[in-house]
Amino acid sequence: MFALIHSISNNIIYRKSLKWKNISSDDHETFECTDIYQQMESFMNKSLNKLTCNKTKLTLIEKCLQNVLSVKNNLDRTPWSIPWQLKEADYSVFLKDLDFYLMISGLLLKSCSLFKGFIPKRHCPPISKILPLFASNSKKVQQTISQLPNSKWIQTIHFYQQNNEYISALEQLEIQLRKPNYNKDAIKLTQLVFETFSVWPETRLDESYKTKAIKELNKHFKYFNAIPKQISHKEWKAIRYAITTLLLYAEDTETVTHIYYSTKQCLIANNEFNNKEEKHFFKKQIEETQRLLTKKIEVNAQALYTMTDIFEELDAITGTHKQENQEAYIEWCHNPKVFVKSIQSAINNGYIKLKGNTDTKPIIELISTFVKVKKQNKTGNLTFDSLLSYFKKASTGDL
């Protein structure tokens, strides 16, 4: 049966290359899709029974599925176009070949439903890749398919097309990315987003995670009607999420990284950049990327290093700010005795307290962290011990 399916597929690929024009009666074989489908359906049901009774190995079933999927992939080397201006005889051959192509998709969809729970998601082909791939517009496709028999596989295909979350999310993303865009970097970015997600996932597990990513992109882009030339913090949230998503899934990560730094620089120039929030965002993204890699999801491992580099740069800026804040202090440049007498008097009168107490030492210790008292000879500042000795003398009246 598998040999017959491959033979038919190879002949269809040849006729497809000719666009079904001037097909002679010797160029196509006689086959019945219904018979092939029923035989394959029977084979799958028997395999399922054997699998539940531990009379067959799952790897054998997976190999059979991969075999049929390879036929679908071969037929999908170029998307299917609806030919026009064909002779009646040639058109009837095209319809029969199209029915076979749809039947292969239907078989794969049926098998995914039948063996659900047995085959791990990381080995199961994605629904988006199994569904038929057409280059012609959907209306023309539906008109052509309506000329075929109302077969079980066509009903199955309709059901999965209407309920596939990946395709639905991708269609919504295309609508979101059509919004007016006046920023050069954002134009490049949105083009990369659509190009990246238009490539079908390799496994059901990848499809699941990519679907989540696309849905999240749709949420971010829906909050504005256009991307302005000067990006504000509101648009930046969407663009930043698109950047980190592309780092995970796109091939051209160098361009994505360049867009990040270029756009960030514009935000800094317009005082729209929040370093603390940026750092928090990348920390979360790094954790998510590590989680994906642990689960062996098909993502770019280099993304983790790129995000970590960005985070460390942001952290270094935060560290610099902290250091600057720590070095800032108030300086008392008048006679130190005047400062000590004033503060000591306020402590004695209960005007200065620390957590309700008027103990001198902890109060002076805290004050000395942000007030530096110049020495009487102006050669430097008093140390904490020297300042404390001044206060002891003030409390005894010896100052």
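With rounding to the nearest 0.5 angstrom, the SG atom of Cys64 is 10.5 Å from the CE atom of Met44. Distance check, rounded to the nearest 0.5 Å: CD1 of Ile227 to NZ of Lys184 gives 15.5 Å. We find the CG-CH2 distance between Asn381 and Trp332 to be 13.5 Å, quoted to the nearest 0.5 Å. Rounded to the nearest 0.5 Å, atoms OH (Tyr101) and OG (Ser9) are 11.0 Å apart.
Geometric assessment of Arg240 against the ring of Tyr260 yields a negative cation-pi assignment under the 6.0 Å and 45° thresholds. Because its NZ or CZ atom is not both nearer than 6.0 Å to the ring centre of Phe43 and within 45° of the ring axis, Lys46 does not count as a cation-pi partner of that residue. Cation-pi geometry between Lys96 and Phe31 is met: under 6.0 angstrom from the ring centre, within 45 degrees of the axis.
Heavy-atom neighbours of Gln142 CD from other residues, nucleotides or ligands within 6.0 Å: above the threshold of 12. Around atom CZ of Phe2, more than 12 heavy atoms belonging to other residues, nucleotides or ligands sit under 6.0 Å away. In the displayed structure, Lys374 atom NZ is contacted under 6.0 Å by more than 12 heavy atoms of other residues, nucleotides or ligands.
With hydrogens and angles left out, the side-chain atoms of Thr203 and Asp206 include a donor and acceptor closer than 3.5 Å. Thr211 and Ser208 form no side-chain donor-acceptor contact under 3.5 Å, judged by distance and modelled atom types alone. In the model, Lys237 has no side-chain atom that pairs as donor or acceptor with a side-chain atom of Tyr223 under 3.5 Å. Side-chain contact check for Glu41 and Trp153: no donor-acceptor pair (N or O, by modelled atom type) lies under 3.5 Å. Looking at Glu277 and His233, their side chains do bring a donor and an acceptor atom within 3.5 Å of each other. Under 3.5 Å, the side chains of His258 and Asp185 contain no donor-acceptor pair of N or O atoms. With hydrogens and angles left out, the side-chain atoms of Ser345 and Asn348 include no donor and acceptor closer than 3.5 Å.
Side-chain contact between Lys276 and Leu314 is absent, with no heavy atoms from C-beta onward closer than 4.5 Å. For the pair Glu62/Ile119, a side-chain contact is recorded, criterion being any heavy-atom separation below 4.5 Å from C-beta on.
In this structure, Trp80 has its ring center at least 6.0 angstrom away from the ring center of Phe134. In this structure, the ring of Tyr91 has its center no less than 6.0 angstrom from the ring center of Trp20.
Applying the salt bridge (Lys or Arg N to Asp or Glu O under 4.0 Å) test to pairs two or more places apart or on separate chains, those with a residue in residues 170-181 are Glu174-Arg178.
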Note to self: What verdict does the side chain to side chain contact (heavy atoms under 4.5 Å, CB included) test give for Leu109 and Phe159, after you've listed the backbone C-alpha separation in whole Å, the side-chain angles of each residue and the deciding distance to 0.1 Å?
What the structure shows: CA-CA 10 Å; Leu109 291 167; Phe159 173 80; over 6 Å; no
Next item on the list: Could you give me the CA-CA distance, side-chain angles and deciding distance for Ile12 and Phe100, then say whether side chain to side chain contact (heavy atoms under 4.5 Å, CB included) is met?
Entry: CA-CA 9 Å; Ile12 289 174; Phe100 177 86; 3.3 Å; yes
Next item on the list: Given salt bridge (Lys or Arg N to Asp or Glu O under 4.0 Å), test Asp97 with Arg15 step by step and report yes or no.
Entry: CA-CA 9 Å; Asp97 289 349; Arg15 292 192 287 272; 2.7 Å; yes
Next item on the list: Could you give me the CA-CA distance, side-chain angles and deciding distance for Arg291 and Glu288, then say whether salt bridge (Lys or Arg N to Asp or Glu O under 4.0 Å) is met?
Entry: CA-CA 5 Å; Arg291 190 173 69 84; Glu288 176 64 14; 2.8 Å; yes
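Between Tyr241 and Phe281, the two ring planes are perpendicular [angle over 60°; tilted spans 30° to 60°].
Using a cutoff of 4.0 Å between basic side-chain nitrogens and carboxylate oxygens, Lys21 and Asp90 are not scored as salt-bridged.
Considering only residues two or more places apart in sequence or on other chains, Arg204 meets the salt bridge (Lys or Arg N to Asp or Glu O under 4.0 Å) condition with none of them.
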